[in-house]
Number of protein chains: 2
Amino acid sequence: MVWKLVDNIWEELYQYLIDDNFILVTDENVYNIYKEEVENLLKGREEIHIIPSGETSKNLKELSNIYTLLIQRNIDREGRILCLGGGVVGDLAGFAAATYKRGIEYIQIPTTLLSQVDSSIGGKTGIDFSGHKNIIGSFHFPLITLICTSFIHTLPEKEIACGLGEIIKYGLIEDYDFFKYIERNMNKVYSRDMEVLSFIIEKSIKIKLSMVEKDKLDAGIRQNLNFGHTIGHSIESFFGYTKYNHGEAVILGMMYESNIAYERNLIDKEYYNEIIKVLSPLVEQTILSNDEINILLEYMKNDKKNKDGKISFILPIGRGKVNIFYDVEEELIIKAILNNYKKE
Amino acid sequence: MVWKLVDNIWEELYQYLIDDNFILVTDENVYNIYKEEVENLLKGREEIHIIPSGETSKNLKELSNIYTLLIQRNIDREGRILCLGGGVVGDLAGFAAATYKRGIEYIQIPTTLLSQVDSSIGGKTGIDFSGHKNIIGSFHFPLITLICTSFIHTLPEKEIACGLGEIIKYGLIEDYDFFKYIERNMNKVYSRDMEVLSFIIEKSIKIKLSMVEKDKLDAGIRQNLNFGHTIGHSIESFFGYTKYNHGEAVILGMMYESNIAYERNLIDKEYYNEIIKVLSPLVEQTILSNDEINILLEYMKNDKKNKDGKISFILPIGRGKVNIFYDVEEELIIKAILNNYKKE
């Protein structure tokens with residue numbers, strides 16, 4: 001898995017354009033902001049495909065549109081896809097690369113804080129299907145992931161918060177000192193302090209990569225990365241990928257799952273409060289009814305991480321430590337989701 | 001890559017049913033013949049999915065239907081798919097297995113001579129897209145391929161011919177003695193002589209596997225397996241996968257491509273005549289117009305095996321030997337397709 005921090009992404013990208021044997025996939029938001037740079041890079045060639053922004057684009061129809069462009073442009077097995085955008089673009093176009101002509105190269109150019117520290121690293125690609133997140137996909141590692149922090153300047157605040165969610169997760173699952181560093185430097189992240197951002201991004205990628213490299217096919221330690229994701233994915237599915245983006249859903253998921261850990265005496269009150277204090281300002285909780293929570297439970301029961309029909313949870317068991325559990329009682333899950341975290 | 005010859009497939013299959021964590025995919029033809037055995041095996045469970053027979057089922061819609069059943073049946077990452085049928089079932093359901101939850105196990109139970117010696121061996125899975133054969137797919141090796149020759153008893157004669165096409169191909173690309181053995185035993189194949197069939201199937205699988213194992217990702221020697229496929233695939237696409245099945249198209253492809261090899265002085269007249277004499281009775285040639293041949297050429301130009309925009313051809317260069325060529329002149333291709341092989 002190759003990645004690098006680059007200063008000027010447009011200069012850097014130039015060397016990755018191989019004749020006419022590539023396409024570039026991006027989304028409307030990114031294209032609107034970087035239209036000039038992209039057109040400058042492509043010099044009028046028609047290799048570009050722009051998808052609607054948002055998680056709902058991770059579907060078979062958009063995948064088909066990318067296949068169609070690849071065929072129209074005669075892209076062969078030596079060709080490649082440049083994925084310029086957030087996690088949606090990377091997952092979708094990466095999966096197209098994984099399956100077109102049984103696999104061609106692709107390059108990740110993540111434009112959000114979240115995708116820079118998470119989805120662009122680790123080789124997971126995929127789409128959603130009938131409300132189930134990432135249920136269709138492949139492991140397919142990019143040729144390289146190019147990280148350029150200057151994209152962060154144009155990111156809305158909501159996107160910063162949701163990148164922070166995954167970053168805090170790395171601290172909570174693997175490195176308590178890193179968690180405390182983020183807590184102390186939260187304001188500098190929001191003011192786009194490039195030094196702090198670069199440090200945090202690099203540290204996050206290294207934590208993720210060390211886990212991925214130990215477990216390429218996601219059968220062991222890599223599962224720890226799913227902290228916050230069991231409930232988080234069910235929230236995304238429940239709201240049809242509109243109300244909460246992935247990072248926000250994971251933040252809520254980590255709050256709920258930390259609550260479960262606290263109720264099970266896996267972590268002490270002090271650590272639990274630290275976690276909630278950092279996470280709860282980042283996203284607005286929606287109080288759900290019991291009926292609605294039952295629908296979340298249905299989604300959790302269909303999570304691809306489950307084994308023998310039991311819902312899997314990654315729960316904190318101490319500062320900077322987590323473990324996997326298959327025996328969480330439904331009442332604890334419901335109680336955690338019903339809890340109002342603003343009060344704490 | 002694990003495979004085995006089995007006597008009683010229904011008894012054998014029993015041990016591969018893991019609780020309710022599997023589905024079985026088959027097609028209408030196979031189901032109509034083996035309904036009783038299949039229902040006996042499944043004991044009333046609803047894990048079965050039956051696709052319409054024929055190449056046109058290798059599409060996104062049928063793939064979606066399999067995904068839907070996998071989700072409905074709550075199949076998890078430890079689950080598996082049993083693929084009972086010819087190449088269409090194996091390619092389609094194998095691709096579903098390759099991409100559902102980023103890859104689950106599948107078992108190939110090929111029911112045609114063609115799929116027993118070809119598509120069930122080698123880990124290629126995939127579907128067709130906008131007229132392009134196998135243009136979307138993955139490498140994903142089955143847990144095991146179970147070969148049962150008694151399926152051959154219920155095969156129509158047309159299906160025997162098309163299996164023979166690929167079998168003869170193995171002789172022509174790798175083992176001239178095997179080619180001569182097939183030539184001598186053609187009648188015994190048609191009369192379903194089990195001893196001859198078992199020998200031929202085993203030999204074919206061994207030749208294919210030795211090439212696959214040297215070249216898992218299809219970048220080198222495995223390309224030799226594509227003899228007959230450059231023109232063959234274009235014929236399938238041109239006729240919309242209806243008039244000729246895969247094996248028949250490959251037989252025509254091998255005749256045309258041998259003609260090109262002869263015209264280029266790669267093989268002598270005597271060997272060329274041997275090839276045509278064996279192949280031409282197996283399938284009815286359609287004489288195409290120049291305009292129609294131009295459409296074939298367009299398909300060939302979009303073949304996933306091409307490099308730098310040049311059409312790749314595997315051509316015979318001697319008895320039981322082939323090589324790859326990127327410089328075949330269009331006139332030679334057209335001349336070969338226009339030629340009437342009945343006259344020779």
Side-chain angles (χ1 to χ4, degrees), chain A residues 18-21 59-61 63-79 95-96 98-104 123-140 216-219 223 298-299 301-312, chain B residues 18-21 59-61 63-79 95-96 98-104 123-140 216-219 223 298-299 301-312:
Chain A
I18 35 171
D19 301 329
D20 283 337
N21 205 3
N59 62 40
L60 275 181
K61 183 79 195 64
L63 184 68
S64 297
N65 290 341
I66 298 176
Y67 289 150
T68 299
L69 180 65
L70 288 162
I71 292 170
Q72 275 170 359
R73 304 291 307 166
N74 252 315
I75 305 304
D76 69 20
R77 286 166 73 172
E78 317 279 307
F95 186 53
T99 51
Y100 178 70
K101 299 192 177 185
R102 295 203 188 89
I104 61 172
K124 286 189 180 177
T125 70
I127 58 170
D128 309 327
F129 187 82
S130 80
H132 296 274
K133 177 141 172 109
N134 293 331
I135 199 156
I136 306 304
S138 267
F139 289 98
H140 188 54
K216 280 209 163 53
L217 293 183
D218 201 10
Q223 304 238 2
E298 281 310 303
Y299 280 113
K301 283 172 189 161
N302 216 323
D303 193 300
K304 65 181 168 311
K305 301 180 292 295
N306 295 346
K307 239 184 204 160
D308 306 326
K310 284 178 187 149
I311 305 175
S312 75
Chain B
I18 35 171
D19 302 327
D20 282 337
N21 204 4
N59 61 41
L60 276 181
K61 183 77 197 66
L63 183 67
S64 298
N65 291 341
I66 297 176
Y67 290 150
T68 300
L69 180 65
L70 287 163
I71 292 170
Q72 276 170 359
R73 304 293 306 166
N74 252 315
I75 306 304
D76 69 21
R77 286 166 72 173
E78 318 280 309
F95 186 53
T99 51
Y100 177 70
K101 300 194 175 183
R102 295 206 186 87
I104 62 172
K124 285 187 181 180
T125 69
I127 57 170
D128 308 328
F129 187 82
S130 79
H132 296 274
K133 179 146 169 106
N134 295 331
I135 198 157
I136 306 303
S138 269
F139 289 99
H140 187 56
K216 280 209 164 50
L217 293 182
D218 200 10
Q223 304 239 1
E298 282 309 303
Y299 281 113
K301 284 172 188 161
N302 216 323
D303 194 298
K304 64 182 168 310
K305 302 181 292 294
N306 295 347
K307 239 185 205 163
D308 305 326
K310 284 178 188 151
I311 305 176
S312 75

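In what follows, every chain begins at residue 1, and chains take the letters A, B, ... in the order their sequences are listed. Side chains included, hydrogens not; waters and symmetry mates left out as well; all remaining heavy atoms used. Treat the numbers as computed from the prediction; the structure is a model and nothing was measured.
Rounding to the nearest 0.5 Å gives a distance of 10.0 Å between CZ of B:Phe129 and OG1 of A:Thr99. The OH atom of B:Tyr100 sits 7.5 Å away from atom CD1 of A:Ile136, with the distance rounded to the nearest 0.5 Å. Separation of atoms OG (B:Ser138) and CZ (A:Phe95) is listed at 6.5 Å; rounding is to 0.5 Å. Here B:Leu60 contributes atom CG and A:Lys61 contributes atom NZ; the two are 10.0 Å apart, rounded to the nearest 0.5 Å.
Using a 4.5 Å cut-off between heavy atoms, B:Ala98 touches chain A through its backbone atoms (N, CA, C, O) alone. Only the side chain of B:Ser130 comes within contact range of chain A, with at least one heavy atom under 4.5 Å from a heavy atom of that chain. Only the backbone of A:Lys301 has a heavy atom closer than 4.5 Å to any heavy atom of chain B. Proximity to chain B (any heavy atom under 4.5 Å) is shown, for A:Ser64, by both the backbone and the side chain.
Note on A:Glu78, A:Lys124, A:His132: by heavy-atom pairs under 4.5 Å with chain B, the leading option is A:Lys124. Per-residue counts of heavy-atom pairs under 4.5 Å with chain B were compared for A:Asn21, A:Asp19, A:Leu63, A:Thr125; the largest is that of A:Thr125. The candidate from A:Leu70, A:Thr68, A:Asp20 with the greatest count of non-hydrogen atom pairs under 4.5 Å with chain B is A:Thr68. For the set B:Ile71, B:Ile75, B:Ile104, the count of heavy-atom pairs under 4.5 angstrom toward chain A peaks at B:Ile71.
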